*Asks:* 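I have a structure here, written as structure tokens, and I will follow up with some questions on it.
The structure presented is a predicted model; accordingly, all values stated were derived computationally and were not measured. Letters A, B, ... mirror the listed sequences (proteins, then strands); counts begin at 1.
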Amino acid sequence: MSAKAPSIAAPLLAWYDGHARSLPWRAPPGAAMPDPYRVWLSEVMLQQTQVATVKPYFERWVARWPDFASLAAADSADVMAAWAGLGYYARARNLLACARMVADRHGGTLPDTEAELRELPGLGTYTAAAIAAIAFGRRAVVVDANVERVVARLFAIETPLPAARIAIRDAAESITPQRRAGDFAQAMMDLGSTICTARAPRCLLCPLRGDCAAFAAGDPARLPVKAAKQPKPQRHGTIFWLERGHEVLMVRRPGKGMLGGMRALPTGPWGEAPTRLEGAPVGADWTVLEHEVSHAFTHFRLDCTLAVAAIDRHTDIGDAQWWPIDRIDSAGMPTLFAKAAAVFRSRK
DNA sequence: TAAACGTGGAC
DNA sequence: TGTCCAAGTTT
């Protein structure tokens, strides 16, 4: 532990004792430790996702599946639908796989070491360390985007991300205390999300101001330096709305790839140029709507043509799944298709 | 190492 | 409206 450790951990933990956010996955007042199931679930939901977005999903989730046993017994379709709108759907697939692994191989109890946690699906370096520290009180070096930012400023690390990750991890290790590592991790994250923010940090409220090299240098918001991002390419596709009576045709997307495993409306291929009616689920008298749906994913933008048709209520088109149109919101589709469904339903 | 992988809040 | 960015993991 470096000489800097006491000057960081002690004031940070003191600040945390007075300013910790009350969050549904944290231990209630008086409880020694939080429920590992809730810590695990919240940490997976919080991957690349803000607290305000996660809260309602978390509350619904624990009401429906309160522990590993109940989740392990759940149907995949129900789990994917419950995750709809939260994004990064591989998390939901891995979440169910992890719950079943915990139920089958670990007796329904999450392992309590960082190394064992790291072996479970969906748990990477960050999440395994976070669970080990927060749920089990083990000393672990927990580095998320908040910690990266706080540490880069505390130590005035000028190397651009992602190359700076090694130096940042070493610096984080040097200030992580032996005791209360879980509180320390959560304190760093609370500090990063409320005070040491990406833009316009509130340094005058910061308990670490006196130890911060970036504050001393005068421009903490400049750090961490990040590499330039690639522009997002534009892609085009078509979403098909096939009605049969009061129902609409739905599909389940392939298990891997974009929106993998999710219930969805049928689409054609997504290409460089508009694809019109290519890939339509059936030969039918398709009408193309004037209104398009645009959606921005992480690494490309998508403009979708919307095509609608109706077939006779007795027509059989194989293993199709038909969904009641007036209950389309309960289908649990990703946001792209929820947006498209709203347009289809409101058309004149 | 780099690309794939969602979404919504904040400004 | 556009851009940045967020409690990252997997391949």
*Asks:* Using a strict cut-off of less than 4.0 Å between a Lys/Arg side-chain nitrogen and an Asp/Glu carboxylate oxygen, indicate whether A/R345 and A/E243 qualify as a salt bridge.
*Replies:* no
*Asks:* Taking atom CG as the centre, does A/D285 end up with more than 12 heavy-atom neighbours from other residues, nucleotides or ligands that are less than 6.0 angstrom away?
*Replies:* no
*Asks:* Touch check for A/A296, heavy atoms < 4.0 angstrom, all strands: base, sugar-phosphate only, or nothing?
*Replies:* base
*Asks:* Ignoring hydrogens and geometry beyond distance, is the side chain of A/Y126 in donor-acceptor contact with the base of C/dG8 at under 3.5 Å?
*Replies:* no
*Asks:* Between C1' on C/dA7 and CD on A/Q186, what's the gap in Å once rounded to a whole number?
*Replies:* 10 Å
*Asks:* Base, sugar-phosphate alone, or nothing: which one does A/R253 contact when heavy atoms must sit under 4.0 Å apart?
*Replies:* nothing
*Asks:* When we call it a touch if two heavy atoms are under 4.0 Å apart, what does A/R21 touch: a base, just sugar-phosphate, or nothing?
*Replies:* base
*Asks:* Would you mind classifying the nucleic acid contact of A/S42 as base, sugar-phosphate or nothing, using non-hydrogen atoms under 4.0 angstrom?
*Replies:* nothing
*Asks:* Classify the nucleic acid contact of A/A198 as base, sugar-phosphate or nothing, counting any heavy atom under 4.0 Å across all strands shown.
*Replies:* sugar-phosphate
*Asks:* Answer with base, sugar-phosphate or nothing: what part of the nucleic acid does A/A52 contact at a heavy-atom distance below 4.0 Å?
*Replies:* nothing
*Asks:* Tell me what A/W83 touches on the nucleic acid: a base, only sugar-phosphate, or nothing, going by heavy atoms under 4.0 Å.
*Replies:* nothing
*Asks:* Please check if any side-chain donor atom of A/T53 sits under 3.5 Å from a side-chain acceptor atom of A/Q50, or the reverse.
*Replies:* no
*Asks:* Please state how far atom CD in A/Q50 lies from atom P in C/dG8, giving the value in whole angstrom units.
*Replies:* 10 Å
*Asks:* Any luck finding a side-chain donor-acceptor pair between A/R91 and A/T49 under 3.5 Å?
*Replies:* yes
*Asks:* Taking C/dA7 as the reference, what is the distance to B/dC5 when you measure between their P atoms (whole Å, please)?
*Replies:* 23 Å
*Asks:* With heavy atoms under 4.0 Å as the rule, sort A/L302 into base, sugar-phosphate or nothing.
*Replies:* nothing
*Asks:* Is A/L259 touching bases, backbone alone, or none of the nucleic acid, heavy atoms closer than 4.0 Å?
*Replies:* sugar-phosphate
*Asks:* Give one of base, sugar-phosphate or nothing for A/M258, where a contact means two heavy atoms less than 4.0 Å apart.
*Replies:* sugar-phosphate
*Asks:* Pick base, sugar-phosphate or nothing for A/G85, based on heavy-atom distances below 4.0 Å to the nucleic acid.
*Replies:* sugar-phosphate
*Asks:* Can you find a donor-acceptor N/O pair under 3.5 angstrom joining the side chain of A/T125 to the base of C/dG8?
*Replies:* no
*Asks:* Cationic tip of A/R60 within the cone over A/Y57's six-membered ring, i.e. under 6.0 Å and within 45° of the normal?
*Replies:* yes
*Asks:* Nearest of C/dT10, B/dA4, C/dA7 to any side-chain atom of A/H299?
*Replies:* B/dA4
*Asks:* Of the candidate nucleotides B/dG9, B/dG6, C/dA7, which contains the atom at the shortest distance from the side chain of A/R91?
*Replies:* B/dG6
*Asks:* OP1 or OP2 of B/dA4 sitting under 4.0 Å from any side-chain N/O of A/Y88?
*Replies:* no
*Asks:* Which is true for A/G257 with a 4.0 Å heavy-atom rule: it touches a base, it touches only sugar-phosphate, or it touches nothing?
*Replies:* sugar-phosphate
*Asks:* Taking for each residue the nucleotide of DNA chain C bearing the nearest heavy atom, is the 5' side occupied by A/R118 or by A/L23?
*Replies:* A/L23
*Asks:* When you match A/L86 and A/P162 each to their closest nucleotide on DNA chain B, which lands nearer the 5' end?
*Replies:* A/P162
*Asks:* Sort out for me which residue in A/R180, A/R21, A/R26 forms a side chain to side chain donor-acceptor pair (under 3.5 Å) with A/Q186.
*Replies:* A/R26
*Asks:* Does A/Q48 put a side-chain nitrogen or oxygen below 4.0 Å from OP1 or OP2 of C/dA6?
*Replies:* no
*Asks:* OP1 or OP2 of B/dT7 sitting under 4.0 Å from any side-chain N/O of A/H295?
*Replies:* yes
*Asks:* With a 4.0 Å cutoff (strictly under), does any side-chain N or O of A/T335 reach OP1 or OP2 of B/dT7?
*Replies:* yes
*Asks:* Please determine if a side-chain N or O atom of A/T127 lies less than 4.0 Å away from the OP1 or OP2 oxygen of C/dT9.
*Replies:* yes
*Asks:* Pick base, sugar-phosphate or nothing for A/R165, based on heavy-atom distances below 4.0 Å to the nucleic acid.
*Replies:* nothing
*Asks:* Please report whether the ring centroid of A/H299 lies less than 6.0 Å from that of A/F297.
*Replies:* no
*Asks:* Which of the following nucleotides, B/dC5, C/dC5, C/dA7, is nearest to the side chain of A/S193?
*Replies:* C/dA7
*Asks:* Measure from the side-chain heavy atoms of A/K226 and tell me the nearest of B/dG6, C/dG8, C/dC5.
*Replies:* C/dC5
*Asks:* Identify whether any heavy atom of A/P334 sits under 4.0 Å from a base atom; if not, whether one sits that close to sugar-phosphate; answer base, sugar-phosphate or nothing.
*Replies:* sugar-phosphate
